[in-house]
Amino acid sequence: TNATHTGDVTGATALTIAVDAVDIAMLSATGTADATTFLRGDNAWSAPSGGGLKFISDTDFSGTASHFDVTDCFSATYRNYLVVMDMICVQVETAHIYLLLGNSDLSTTESVSWELQMLGTNGTTDYKAVGGSDALGQKLVHQAHNSNMGYSCSCWINNPFGDGAGNITYTHANGEAYASGTAEGFWFIRGGASHGLDSVVSMRLTASGGMGYSGITGHVTVYGLAES
């Protein structure tokens with residue numbers, strides 16, 4: 001007769017491994033099992049590939065303020081960053097929205113040469129403008145409407161931490177906003193800020209008359225692009 005087994009293996013003829021009986025240490029897999037690896041189909045522990053977007057910060061802006069700041073969001077860790085903005089509002093009708101890049105506390109910000117274009121919807125007029133060495137920053141929206149619709153966009157910021165004279169931080173963005181006089185439209189921007197010896201590590205959203213709209217919370221999320 002066959003013995004009846006109990007414990008981690010049960011049964012007399014057809015044996016069954018109990019639930020949770022086999023732990024990681026009992027596996028025959030190669031490699032090291034830890035918080036940074038996963039078990040592949042070929043029975044090997046392996047670290048996932050390192051490329052892709054890496055979350056850095058998410059900042060909410062409620063109420064009104066003279067400007068919205070996201071500080072110390074850029075570093076030498078990544079060369080390229082994606083900034084996602086949602087429901088960025090202004091207090092005053094026809095105020096332009098600008099993006100400034102600067103040092104940690106934004107006591108020093110960079111002048112930007114920029115180009116802005118809007119493709120109007122619902123038969124509205126297109127808009128295009130350029131600016132050279134603009135101390136106000138990169139214009140994101142021309143004459144924003146002070147409503148609860150806000151401005152939303154995806155903005156790539158390239159090379160913000162390149163030290164040394166001649167290094168330039170580039171911005172490229174596309175978004176949608178309701179602008180006074182031009183109504184709803186899709187906005188496309190590009191700009192370059194020559195930051196010389198100072199790397200830019202923080203960003204500021206500003207508009208004449210102040211930022212924000214009563215009862216609306218704006219959001220700015222920053223990601224770094226890992227290359228490997």
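Note that the numbering runs from 1 along the sequence shown for the chain. From a predicted model like this one, the values you see are computed outputs, not experimental measurements.
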Would [X] and [Y] show up in the same hydrophobic cluster when neighbours are defined by side-chain heavy atoms closer than 4.5 Å?
| X | Y | result |
| --- | --- | --- |
| Val92 | Tyr213 | no |
| Val141 | Leu116 | yes |
| Tyr223 | Phe68 | no |
| Val222 | Leu106 | no |
| Val220 | Ile189 | yes |

Over all atoms of both residues, closest heavy-atom pair of [X] and [Y]:
| X | Y | value |
| --- | --- | --- |
| Lys128 | Glu115 | CE-OE2, 3.3 Å |
| Gln91 | Ala65 | NE2-O, 3.3 Å |
| Ala29 | Leu39 | CB-CD1, 3.6 Å |
| Cys73 | Ser57 | CB-OG, 4.4 Å |
| Ser202 | Ser104 | OG-O, 2.8 Å |
| Leu136 | Tyr98 | O-CB, 3.4 Å |

[atom1]-[atom2] distance between [X] and [Y], expressed to the nearest 0.5 angstrom:
| X | Y | atom1 | atom2 | result |
| --- | --- | --- | --- | --- |
| His145 | Cys89 | NE2 | SG | 10.0 Å |
| Leu82 | Ile157 | CG | CD1 | 9.0 Å |
| Cys155 | His172 | SG | NE2 | 9.0 Å |
| Ile216 | Thr64 | CD1 | OG1 | 12.5 Å |
| Thr71 | Met203 | OG1 | CE | 11.0 Å |
| Asp58 | His219 | CG | NE2 | 7.5 Å |

Name of the residue among Phe161, Trp156, Phe74, Tyr170 meeting ring-ring contact (aromatic ring centres under 6.0 Å, His included) with Tyr81: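 In the set Phe161, Trp156, Phe74, Tyr170, the residue that makes a ring-ring contact (aromatic ring centres under 6.0 Å, His included) with Tyr81 is Phe74.
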
Leu100: which other cluster members, linking ILVMFWY side chains closer than 4.5 Å, directly or transitively?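 Hydrophobic cluster check, Leu100: no partners found.
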
Tyr78 vs Lys54, side chain to side chain contact (heavy atoms under 4.5 Å, CB included): CA-CA, chis, key distance, verdict: CA-CA 10 Å; Tyr78 307 107; Lys54 305 296 182 180; 3.3 Å; yes

Please say whether more than 12 non-hydrogen atoms of neighbouring residues, nucleotides or ligands are located less than 6.0 Å from CD1 in Ile24.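 Counting neighbours around CD1 of Ile24, 12 or fewer heavy atoms of other residues, nucleotides or ligands fall under 6.0 Å, so no.
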
Atom CD1 of Ile17: over 12 foreign heavy atoms under 6.0 Å: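 Check fails, neighbour count at 12 or below.
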
Give the intermediate values and the outcome of side chain to side chain contact (heavy atoms under 4.5 Å, CB included) for residues Leu205 and Leu140. CA-CA 9 Å; Leu205 296 170; Leu140 298 178; 3.8 Å; yes

Checking Gln143 against His96: is there a side-chain donor and acceptor pair closer than 3.5 Å?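 Their side chains do not contain a donor-acceptor pair, so the 3.5 Å distance test is not met.
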
Would His142 and Met118 count as a side chain to side chain contact (heavy atoms under 4.5 Å, CB included) here? Give the steps. CA-CA 9 Å; His142 178 78; Met118 187 202 78; over 6 Å; no

Between Ser152 and Met87, is there a donor-acceptor pair closer than 3.5 Å when you use the side chain of the first and the backbone of the second?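 Pair found, side chain donor or acceptor close to backbone of Met87.
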
Taking Thr37 for the side chain and Thr32 for the main chain, is one N or O donor matched with an acceptor at less than 3.5 Å?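 Pair found, side chain donor or acceptor close to backbone of Thr32.
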
Who pairs with Ser107 by side-chain hydrogen bond (donor to acceptor under 3.5 Å, both in side chains), at least two apart in sequence or on another chain?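 side-chain hydrogen bond (donor to acceptor under 3.5 Å, both in side chains) list for Ser107, sorted by chain: Asn103, Asp105.
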
Any residue meeting salt bridge (Lys or Arg N to Asp or Glu O under 4.0 Å) with Asp69, in chain and number order, not counting sequence neighbours: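 Only Arg204 meet the salt bridge (Lys or Arg N to Asp or Glu O under 4.0 Å) criterion with Asp69.
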
Could you give me the CA-CA distance, side-chain angles and deciding distance for Phe186 and Asn174, then say whether side chain to side chain contact (heavy atoms under 4.5 Å, CB included) is met? CA-CA 7 Å; Phe186 297 100; Asn174 61 81; over 6 Å; no

Can you tell which of Thr169, Leu101, Asn80, Thr171 makes a side-chain contact (heavy atoms from CB on, under 4.5 Å) with Pro160?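 Looking at Thr169, Leu101, Asn80, Thr171, the match for Pro160 under the side-chain contact (heavy atoms from CB on, under 4.5 Å) is Thr169.
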
